[in-house]
Enquirer: 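I have a structure here, written as structure tokens, and I will follow up with some questions on it.
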Amino acid sequence: MIIDGHNDLVLHRWRGEPTQHLDLDAARDAGFAGGFFALYIPSPRVPDPTEIPYAVPLPAPIPHEEAARIAEELFAELCALPVVRATSADDFRDGQVTAIVHMEGAEPIAADLSNLEEWYDRGLRSIGLVWSRSNDFAEGVPFRFPSSPDIGAGLTAAGRELVQACNRLGILVDVSHLNEAGFWEVAGLSDAPLVATHSNAHALCAASRNLLDTQLDAIRDSNGIVGVNFAVTFLREDGSLVPETPISEIVRHIDYLVERMGIDHVAFGSDFDGAVVPEELGGAAGLPKLVAALQAAGYDDAAVAKITHENWLRVLRATWRDARRSRAPSGSAPARRPG
Ligand code: ZN
């Protein structure tokens, strides 16, 4: 069974475009059991950078009302997919595709959080405070190479409220796309495991979207997880957009993250349908090739099971059902929303 940290299939459906990487039937046959399905409000497209170094400015903010309207359309597309929507880690099963409703950028949430519980009731279980642009809650990290993720200010007061509300409700807070200042504020505030659904090791690829060793250590210490992003621009040491990048580049990041954080804190976060991934992999139907590459690199069955699904399931259980118990001192009762 393979659980994955990020895909943009819903955006493709909303745009009326065919999927590039996620034919759901072929994916299921390849062992793909689903994962995080992003509701992403698109910014106007900018061409992919063709030169290194690059520094893409942050796109303009998207007003809440506009984002909320588009989010309704995106959510309808997700609901029309032949998938089970997850509200429990037990919803993931072999032979079916299960979707975690994930908001990539919290613009559809009102700054006073007045519609957050409504979204929770509709199945929202994961929020990235920002995509790579600013909003009422935080500042995203701009796409730059080479660059530290330490660009811009941290969370707003509303952002801090949102993190605490997510903890209270049991909504996962995703730090991918957040700048470094925001990351450390989430790390200090959140009582759930820290999660980067689709990011890589900055030590191996110095893109601003990747995680510094100090961030990886904080994620490990929170019993959290990093989903390795298959985007070639976040894998390659030179940061270039080269589709011929081999699967071994994914394994290189997994090796590094396992070495730094331990086997319990590494998983997949493909970015299928949202990025250029290695041609050799192709898409979700090629996932068995990645599993074979891990086995060839020396990962035994127990290690492969952790990377492919067990780590995600542990983090989901800790975050959705028992966020407080996982990090707070023993004896403190988890504060749950009534009803
Ligand atoms: Zn993303």
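A quick note: this is a predicted structure, and the numbers were derived from the prediction, not measured. Ligands are counted one by one from 1 in listed order, and the atoms in each one are counted from 1 as well.
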Enquirer: So, using side chain to side chain contact (heavy atoms under 4.5 Å, CB included) as the criterion, who are the partners of V277 when residues are at least two apart?
Expert: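 For V277, the residues satisfying side chain to side chain contact (heavy atoms under 4.5 Å, CB included) (neighbours in sequence not counted) are H21, F230, F272.
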Enquirer: Would you mind checking if R220 and D264 are paired as a salt bridge, meaning a charged N to carboxylate O distance below 4.0 Å?
Expert: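 Not counted as a salt bridge, because no side-chain N and carboxylate O are separated by less than 4.0 Å.
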Enquirer: Identify, with sequence neighbours excluded, every residue that meets ring pair (Phe, Tyr, Trp, His ring centres under 6.0 Å) alongside F37.
Expert: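 Scan of F37 (ring pair (Phe, Tyr, Trp, His ring centres under 6.0 Å), adjacent residues dropped) gives none.
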Enquirer: State, without any angle test, whether T98 and D91 hold a side-chain donor-acceptor pair at a distance under 3.5 Å.
Expert: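 The answer is no; no qualifying pair exists.
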Enquirer: Keeping to distances under 2.8 Å, can you name the protein N/O/S atoms close to the Zn ion (ligand 1)?
Expert: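 Sorted hits: E104 OE2, H177 NE2, H198 NE2.
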Enquirer: For W119, check ring pair (Phe, Tyr, Trp, His ring centres under 6.0 Å) against everything at least two apart and list the hits.
Expert: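 Only F75 meet the ring pair (Phe, Tyr, Trp, His ring centres under 6.0 Å) criterion with W119.
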Enquirer: Dump the intermediate steps for ring-ring contact (aromatic ring centres under 6.0 Å, His included) on W131 and F143, then the final yes or no.
Expert: CA-CA 11 Å; W131 181 70; F143 296 101; 5.7 Å; yes
